[in-house]
Amino acid sequence: MTQMNKIDYAKQVVNTFHSDLDNVYERFKVKYALLAVLKNELTPVDVTVTDHPPTKTILRIIYPSGEINKNYDQMTTECRRIFISDLYSCSASFCIYLDNVLRKKNVNGRHLPAFFDKQYNQPLNILNRFLKSDDKLFLTFLHNVRNSMIHYDGQYNKKNLLDYKILTLEFKTTEHNLGEQIIWGTEEMIEVYKRLKSIFAYDIFINNSLFV
């Protein structure tokens, strides 16, 4: 493979994934900003936000200020839950894509399996040749914390054990915190987005013999 083909191939592999992550992040920022603005509105608000192309409605809120204030924490939690779940879905799809690349399988189109849990762990094991040990631990953490947020109401649980630190915030499952809420900060959630982009960065692929 020539150097130019090598570069083009690496760009092709990375661009779709990064574009998906960026779209998830932009939707999160818009929703979060709107909730902050709406919380301070004194009159009923009617807001419609559309994606590109402008045919898909992302968020529509018609709430008087009192209702926003009453439900603000719940709406913020839901916004964060969707953000982490969407980031996970992007990473799971991309890991399966990379697994197919390494196995020389068909890699045309996107890979969106119906059951990520059944098809996510095996690609992670295959990608062990490619991922650094801490990167693999991070992806396992993302898998488990996403499942906790979606299936266990954001609580620590025995099925999805957590033992990871993002920035200065530690996520660790113990016998004493089972059933307690997993505490997130917005900064830590944005760090998940940044970390995914760094793990699967363009330079990683262009310098890795497994993909060229």
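Owing to the predicted nature of the structure, the values given are computational and were not obtained by experimental measurement.
By the rule that hydrophobic residues join a cluster once side-chain heavy atoms approach within less than 4.5 Å of another member, V192 and I150 end up as members of separate clusters. Residues L161 and W184 are members of separate hydrophobic clusters, defined by side-chain heavy-atom contacts under 4.5 angstrom among Ile, Leu, Val, Met, Phe, Trp and Tyr. Both L137 and L142 are part of a single hydrophobic cluster, where members link through side-chain heavy atoms under 4.5 Å apart. Connection of F171 to L167 is established within a shared hydrophobic cluster, with ILVMFWY side chains joined at heavy-atom distances below 4.5 Å, either directly or through further cluster members.
Applying the salt bridge (Lys or Arg N to Asp or Glu O under 4.0 Å) definition to pairs two or more places apart or across chains, those involving residues 168-187 are D163-K172. Residue pairs meeting the salt bridge (Lys or Arg N to Asp or Glu O under 4.0 Å) criterion with at least one member in residues 189-199, sequence neighbours excluded: D22-K197, D134-R195, D135-R195.
Remark: N177 CG to Y156 OH distance equals 5.5 Å, nearest 0.5 Å. Remark: I182 CD1 to R81 CZ distance equals 13.0 Å, nearest 0.5 Å. Going from atom OG of S148 over to atom CG of N157 covers 4.0 Å, rounded to the nearest 0.5 Å. Within the model, atoms OG1 of T77 and CZ of R80 stand 7.0 Å from one another, a figure rounded to the nearest 0.5 Å. The distance from atom CE of M149 to atom CD1 of I82, rounded to the nearest 0.5 Å, is 10.0 Å.
Just one residue in the list D20, N23, T16 forms a side chain to side chain contact (heavy atoms under 4.5 Å, CB included) with C90, and that residue is D20.
At least one side-chain heavy atom of Y152 sits under 4.5 Å from a side-chain heavy atom of K159. Put simply, the side chain of M189 reaches to within 4.5 Å of the side chain of I84, judged on heavy atoms. With contacts defined as side-chain heavy-atom distances shorter than 4.5 Å, the pair L196/L87 qualifies. Looking only at side-chain heavy atoms (C-beta outward), L21 and Y193 come within less than 4.5 Å of each other. Two residues are said to be in side-chain contact when any heavy atoms from C-beta on lie closer than 4.5 Å; I190 and K29 fail this criterion. Between V145 and N160 the shortest side-chain heavy-atom distance does not fall below 4.5 Å.
Ring-plane geometry between Y25 and F28 is classed as parallel, the angle between the planes falling under 30 degrees on a 0 to 90 degree scale with a further cut at 60.
In this view, K165 satisfies the salt bridge (charged side-chain N to carboxylate O under 4.0 Å, His left out) rule with no residue, not counting sequence neighbours.
Under the 3.5 Å distance criterion, the side-chain polar atoms of S89 are matched with a main-chain donor or acceptor of S85.
Scanning both residues, L169 and G185, for their nearest heavy atoms gives CD2-N, 4.2 Å. Between S91 and L139, the closest heavy-atom pair is CB-CD2, 4.5 Å.
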For this session: Go through the steps to decide whether N144 and T173 satisfy the test side chain to side chain contact (heavy atoms under 4.5 Å, CB included), and finish with yes or no.
Result: CA-CA 11 Å; N144 288 346; T173 306; over 6 Å; no
For this session: Give the C-alpha distance, both sets of side-chain angles, the deciding distance and a yes or no for ring pair (Phe, Tyr, Trp, His ring centres under 6.0 Å) between F17 and F200.
Result: CA-CA 9 Å; F17 175 59; F200 300 113; 5.4 Å; yes
